[in-house]
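As structure tokens, the structure follows; a few thoughts come after it.
Positions are given from 1, in the same order as the sequence printed here.
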Amino acid sequence: CENESSNNDNMLVDQDPIKVLIPKFDGNAAKEFVAKQVSFGTRVTGSKGHQECKNWLVSQFKSFGAEVIEQDFTATTFNNVKLNGTNIIARYNPNVQERIILSAHYDTRPFAEKDPDPLRQSDPILGADDAGSGVGVLLEIAKLLQSNPIPMGVDIVLFDAEDYGDSESNNPESWGLGSQHWSKNPHLERANVKYGILLDMVGAKDAKFYKEGFSMQVAKRLNNKIWALAAGMKKDNFFINENGGTTTDDHYFVIKNFRLPMVDIINMPSENFGFGPHWHTHGDNMEVIDIKTLEAVGQVVTAVIYKESNKEFL
């Protein structure tokens with residue numbers, strides 16, 4: 001896959017930027033966005049809760065001034081379930097060539113296979129952290145982009161059907177069905193995109209964000225810059241300046257198929273880089289969501305966006 005050093009800066013018009021002050025990210029507002037998603041119940045692709053949440057997300061992005069694309073697709077899961085999914089794409093400054101991509105997934109896990117109660121392991125989870133947290137952060141960033149506009153283009157992509165994978169096999173293709181579709185059918189030209197940032201499980205109390213392995217393979221310099229920025233913002237208790245393990249997440253398919261350098265900010269707190277005790281259990285509810293974690297991730301990513309637009313993210 002393509003190294004992030006070839007992120008086509010030479011193909012973009014170099015001009016004096018219109019500088020915009022970095023706005024303050026509101027962790028309370030982000031948590032409210034997470035709670036609203038959870039209020040729809042479980043959001044497995046194709047379910048009633050998923051459809052209601054999708055409609056709400058589209059309306060929210062439109063209310064925040066974005067041009068919204070609903071990219072419908074059909075996919076078959078590892079257990080032969082046919083899913084009708086929708087990737088949600090919110091575009092800011094859609095006519096601007098120079099762009100970055102911010103992403104998360106918005107569907108929730110159809111099984112709680114890690115739950116301590118075997119009687120509930122076949123039930124879908126609420127997914128406050130996985131994936132409500134990343135979506136909540138991106139909604140608040142969308143609101144900031146509306147109230148504090150920048151000249152650079154930003155695409156927020158919410159992938160569908162990420163979490164309908166087979167945890168019993170080593171088949172990465174069973175995961176990220178929405179990002180697989182988008183990465184092969186993108187809504188924009190690769191040459192116009194500098195890089196991407198993926199948020200996944202970014203809301204749990206005491207979360208630890210190590211430098212994810214695939215991200216470091218293709219976007220080492222970008223990874224290091226983000227973590228250095230976080231340290232300068234005194235967020236290094238969340239952003240741990242150490243390499244973590246690799247994980248098959250939506251960025252894997254964006255890197256593989258769209259060939260875009262993409263950093264995955266994902267909670268991997270344990271020594272063996274597991275995802276925390278609430279992962280894929282019914283404990284993934286609003287009780288695990290922490291405003292300070294949402295705020296740390298949201299403020300760092302907001303700073304990246306505005307510094308990039310101001311030509312200060314060097």
Side-chain angles (χ1 to χ4, degrees), residues 1 4 7 30 33-34 37 43 45 53-54 57-58 60-61 64 66-71 73 85-92 94 99-108 127 129-145 152-163 165 175-190 192-203 209 212 214-215 218-219 222-223 226 247-267 294 297-298 300-302 304-305 308:
C1 81
E4 54 108 21
N7 59 10
F33 286 135
V34 177
Q37 293 171 78
R43 302 172 303 286
T45 303
C53 186
K54 182 198 79 171
L57 289 168
V58 169
Q60 284 298 116
F61 281 124
F64 295 150
E67 176 186 285
V68 179
I69 300 170
E70 297 179 55
Q71 184 189 51
F73 66 92
T86 304
N87 294 324
I88 301 170
I89 303 161
R91 312 200 73 201
Y92 288 87
R99 317 194 66 76
I100 62 172
I101 289 176
L102 309 175
S103 62
H105 73 93
Y106 74 99
D107 63 300
T108 55
D129 192 27
D130 185 12
S133 60
V135 175
V137 168
L138 293 182
L139 284 170
E140 178 60 15
I141 288 175
K143 191 169 68 175
L144 292 176
L145 288 170
M152 186 179 68
V154 177
D155 291 278
I156 297 175
V157 183
L158 300 187
F159 296 117
D160 200 356
E162 187 275 340
D163 226 348
W175 302 88
L177 302 180
S179 54
Q180 289 190 57
H181 178 81
W182 179 87
S183 63
K184 296 173 183 176
N185 303 275
H187 68 282
L188 76 178
E189 295 292 329
R190 164 66 186 91
N192 293 340
V193 190
K194 299 189 74 171
Y195 55 80
I197 299 174
L198 172 66
L199 306 182
D200 198 356
M201 292 180 280
V202 293
F209 306 111
E212 189 276 332
F214 291 127
S215 307
V218 301
L222 174 62
N223 243 105
I226 293 173
T247 182
T248 301
D249 206 346
D250 286 317
H251 73 308
Y252 173 82
F253 300 105
V254 174
I255 291 167
K256 177 183 176 183
N257 299 323
F258 192 52
R259 304 189 68 79
L260 180 73
M262 189 172 235
V263 168
D264 190 7
I265 300 176
I266 183 169
N267 182 23
L294 294 171
V297 174
V300 168
V301 176
T302 299
V304 170
I305 299 165
E308 187 68 67

Could you tell me the separation between the [atom1] atom of [X] and the [atom2] atom of [Y], rounded to the nearest 0.5 Å?
X	Y	atom1	atom2	result
Met262	Ile255	CE	CD1	8.0 Å
Glu212	Leu198	CD	CG	9.0 Å
Tyr106	Cys53	OH	SG	8.0 Å
His105	Ile88	NE2	CD1	13.0 Å
Ile305	Leu145	CD1	CG	5.5 Å
Leu138	Leu158	CG	CG	6.5 Å

task: Could you verify whether a donor N or O on one side chain and an acceptor N or O on the other, from His251 and Asp249, lie under 3.5 Å apart?
output: no

- request: Side-chain contact test, heavy atoms from C-beta onward, threshold under 4.5 Å: evaluate it for Glu70 versus Lys54 and give yes or no.
  value: yes

field: Note, Ile226 side chain near Val301 side chain (heavy atom, < 4.5 Å)
entry: no

For [X], all residues meeting side-chain hydrogen bond (donor to acceptor under 3.5 Å, both in side chains), sequence neighbours excluded:
X	result
Ser133	Asp129
Gln71	Asn87
Trp175	none

Only counting residues at least two apart or in another chain, list the ones meeting salt bridge (Lys or Arg N to Asp or Glu O under 4.0 Å) with [X].
X	value
Glu67	none
Asp155	Arg91, Arg99
Glu140	Lys143

Of all heavy-atom pairs between [X] and [Y], which one has the smallest distance, and what is that distance?
X	Y	answer
Arg190	Arg259	NE-O, 3.0 Å
Gly85	Asp160	CA-OD2, 3.2 Å
Gly136	Val34	CA-CG2, 4.1 Å
Ile101	Trp182	CD1-CH2, 3.7 Å
Val304	Ile197	CG1-CD1, 4.0 Å

So, using side-chain contact (heavy atoms from CB on, under 4.5 Å) as the criterion, who are the partners of [X] when residues are at least two apart?
X	value
Ser183	Phe253, Asn257, Phe258
Ala161	Thr45, Phe73, Leu83, Leu177
Ala66	Phe61, Val68, Ala90, Tyr92

Could you tell me whether the side chain of [X] and the main chain of [Y] form a donor-acceptor pair under 3.5 Å?
X	Y	value
Gln37	Gly132	yes
Glu189	Asn192	no
Asp130	Met201	no
Arg43	Gly127	yes
Ser215	Asp264	yes

message: Could you walk me through whether Thr86 and Phe159 satisfy the side-chain contact (heavy atoms from CB on, under 4.5 Å) test, starting with their C-alpha distance in whole Å, then the side-chain angles of each, then the deciding distance to 0.1 Å, before giving a yes or no?
response: CA-CA 8 Å; Thr86 304; Phe159 296 117; over 6 Å; no

query: Which residues pass the ring-ring contact (aromatic ring centres under 6.0 Å, His included) test with Phe33, sequence neighbours left out?
result: none

query: Can you name the ring-ring contact (aromatic ring centres under 6.0 Å, His included) partners of Phe214, sequence neighbours left out?
result: Tyr252

- request: Show your working on side-chain contact (heavy atoms from CB on, under 4.5 Å) between Thr108 and Asp163 and close with a plain yes or no.
  value: CA-CA 6 Å; Thr108 55; Asp163 226 348; 6.0 Å; no

field: Step-by-step side-chain contact (heavy atoms from CB on, under 4.5 Å) determination, Phe209 to Ile266
entry: CA-CA 6 Å; Phe209 306 111; Ile266 183 169; 5.6 Å; no

query: Does the side-chain contact (heavy atoms from CB on, under 4.5 Å) test come out yes or no for Asp200 and Asp250, once each step is laid out?
result: CA-CA 9 Å; Asp200 198 356; Asp250 286 317; 5.9 Å; no

